[in-house]
Asker: 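So that we are looking at the same thing, I have put the structure below in structure tokens.
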2 protein chains.
Amino acid sequence: MTNRARKSMTRQDADSRVPRYLQVASVLRRRIRDGHWAVGDKIATLEELEHEFDVARVTVRQAIDLLQGEGLVKSFQGRGTFVIKAVQSNRWMQLATDWESLIAPIRDHVPQVLPSEPRPVPRLEEDDGTPAEAYVFLRSVQKRSGKPYAYARVHIAKHVYAQAPKQFSTRVALAVLSEIKEIAIQRAHQTVVVGSADIEAARHLGIALNAPTAEARCVVSDKGGVVLYIGEITYPGDYVRLNIELIAQEG
Amino acid sequence: MTNRARKSMTRQDADSRVPRYLQVASVLRRRIRDGHWAVGDKIATLEELEHEFDVARVTVRQAIDLLQGEGLVKSFQGRGTFVIKAVQSNRWMQLATDWESLIAPIRDHVPQVLPSEPRPVPRLEEDDGTPAEAYVFLRSVQKRSGKPYAYARVHIAKHVYAQAPKQFSTRVALAVLSEIKEIAIQRAHQTVVVGSADIEAARHLGIALNAPTAEARCVVSDKGGVVLYIGEITYPGDYVRLNIELIAQEG
DNA sequence: CTCAATTTGTTCGTATGTATG
DNA sequence: ACATACATACGAACAAATTGA
């Protein structure tokens, strides 16, 4: 590698061994997605991009060839490279921030249940509550128009599961849970972190190993503080969006 | 590439051109981080990993060499590879879900203000409110023990900025905003999505181009529905954590 | 119409990285 | 550790198409 290339590297070196042309490609893809360049626009010239990213001509080309393969842009000799397609309109799987809006949209979803052996209950955190005596473990994939958008690993307290076993294996667990009259939910909370796809998640969501994901962990407990439900749900990173009202609008 | 390797690839092919040994390394790193293997534990054998990831032995070694370079594990001929260091304890920069807990922790933070030319106000969405007449644009980086954890681009309505210009250039804008008595905040909301670092963000946060990030967009408006503040804040993905109470616990 | 500037397309040689068996 | 194949990345030079003066 030349000195010039080295110079532009900082301490991200270690992580940043992702091929340069892929890095460049994603930045360009993002600019198109974010409307920096609209459909019909001419994007920056090879030379400009060369300088901006401090890479060789051929490397920029390689990136643009990728986008061209995706049908996003088209290059014309002597004229430039033009955006010919907008990207992703069906984005955003809304992640809920309150119980009702969490349940409502998934009430009628039909998860595709995956075969699963029992799995030890994930460690509960201080705050979560006290564990139930036994749990049933379920795994499923949720799809929307054929595309998977969520991979769920769910533990349900055995005595809860027993009240509607068929329901739990054909519908979204949280929806079922919310409908069982016999149980009184005292608390439900959710933690969301940015993660990256492990082998399982990559397979079930059809994304690359290590692709960015949002990992939600939802815990529901009853009046006694007993944890009834623990759901770990992985979403592809580019689907998820969270809306949070910090100070709510009045009327 | 051999047939064997090809076989294990699905449609993620396109994205998954990231070198295999890097993919393997991150998965292993993650397992250690998540406690799948604790300090002192022997991790899976080369042979097991070979089969799990369907790569050649040398490729697994390459991944393990990386971790060894990071001081995470150590291999012993004839014995196996052992975890010798836990990873990341100071994780989690809590992202707030209500106004008070958003403000409180950053009240005393001292942002490092970056030079910046004026920038057009980002497009407001339907829901956001009506724009003010003019905005002041500020950029800053927030650090914690030397490490940057947030890169902020902020627009503040000019008439608000004018009430405490010095404050705004030395303290976190939201904190200042919340203290100005003359203005009545009617609404504040925040949107969080999973993104990836562009050139700017990568530079200021010291992470790799395209590394996963959390992108928060916070909008504050006054009684008249005029937008006083628009903050776009980028966090490194592995710092951010959101806690959401869906059904709050009572006393 | 010609000329120069701009911009993409193509090719060569070289070096290093990745991955297999 | 070795031999092999292919991918990534650089720089540089030149070709070909387009545009506008």
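Values in this document were obtained by computation on a predicted structure and should not be read as measured data. Here is how names work: the chains are called A, B, and so on, in the same order as the sequence lines, proteins then strands, and each is numbered from 1.
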Asker: Any cation-pi pair here, B:Arg139 with B:Phe137, using under 6.0 Å and within 45°?
Answerer: no

Asker: What heavy-atom pair brings A:Leu124 and A:Arg217 nearest, and what distance separates the two atoms?
Answerer: CA-NH2, 4.0 Å

Asker: Looking at side-chain heavy atoms only, is the closest gap between B:Ile64 and B:Ile43 below 4.5 Å?
Answerer: yes

Asker: Can you give the dot-bracket line for DNA chain D, using ( ) for pairs inside the strand, [ ] for pairs that cross earlier ones, | for pairs with another strand and . for unpaired bases, where Watson-Crick and G-U count if both distances are under 3.5 Å?
Answerer: .||||||||||||||||||||

Asker: Rounding to an integer number of Å, can you tell me how far A:Lys74 NZ sits from D:dT18 P?
Answerer: 11 Å

Asker: Would you list the protein and nucleotides 2-8 of chain C atom pairs, both N or O, that sit under 3.5 Å from each other?
Answerer:
residue: C:dT7; atom: O2; partner: A:Gly78; partner atom: N; Å: 3.3
residue: C:dT8; atom: OP2; partner: A:Leu46; partner atom: N; Å: 2.8
residue: C:dT8; atom: O4; partner: A:Arg57; partner atom: NH2; Å: 3.2

Asker: Taking the side chain from A:Asp34 and the backbone from A:Arg31, do they hold a donor-acceptor pair closer than 3.5 Å?
Answerer: no

Asker: Do B:His189 and B:Asp128 have side-chain N/O donor and acceptor atoms under 3.5 Å apart?
Answerer: yes

Asker: Honestly, is A:Arg153 close enough over A:Tyr151, meaning NZ or CZ under 6.0 Å from the six-membered ring centre and within 45° of the axis?
Answerer: yes

Asker: Check the distance between D:dG11's C1' and A:Gln62's CD and give it to me in whole angstrom.
Answerer: 15 Å

Asker: What is the distance from CZ of A:Phe82 to C1' of D:dT18, rounded to the nearest Å?
Answerer: 10 Å

Asker: Where the side chain of B:Arg30 meets the backbone of A:Ser196, is there a donor-acceptor pair that is under 3.5 Å apart?
Answerer: yes

Asker: Can you tell me the distance, in whole Å, between the CZ atom of B:Arg20 and the P atom of C:dG17?
Answerer: 20 Å

Asker: Do B:Pro131 and B:Val227 have side chains that approach each other closer than 4.5 Å (heavy atoms only, starting at C-beta)?
Answerer: no

Asker: Distance check needed: D:dT8 P versus B:Leu22 CG, whole Å only.
Answerer: 13 Å

Asker: Could you state the CG-C1' distance from A:Asp65 to D:dA9, rounded to the nearest angstrom?
Answerer: 15 Å

Asker: Indicate, with yes or no, if the rings of A:Tyr239 and A:Tyr149 have centres closer together than 6.0 Å.
Answerer: no

Asker: Can a side chain N or O of B:Thr59 be found less than 4.0 Å away from OP1 or OP2 on C:dT20?
Answerer: yes

Asker: Using nucleotides 12-14 of chain C, report all nitrogen or oxygen pairs with the protein that are shorter than 3.5 Å.
Answerer:
none

Asker: Minimum heavy-atom separation for B:Ile32 to B:Lys85, with atom names?
Answerer: CG2-O, 4.1 Å

Asker: Can you measure B:Arg17 atom CZ to C:dA19 atom P for me and round it to whole angstrom units?
Answerer: 13 Å

Asker: Name the residue from A:Val194, A:Thr191, A:Leu242, A:Leu95 that meets the side chain to side chain contact (heavy atoms under 4.5 Å, CB included) definition with B:Leu242.
Answerer: A:Leu242

Asker: To the nearest Å, give me how far apart NE2 (B:His51) and C1' (C:dT20) are.
Answerer: 15 Å

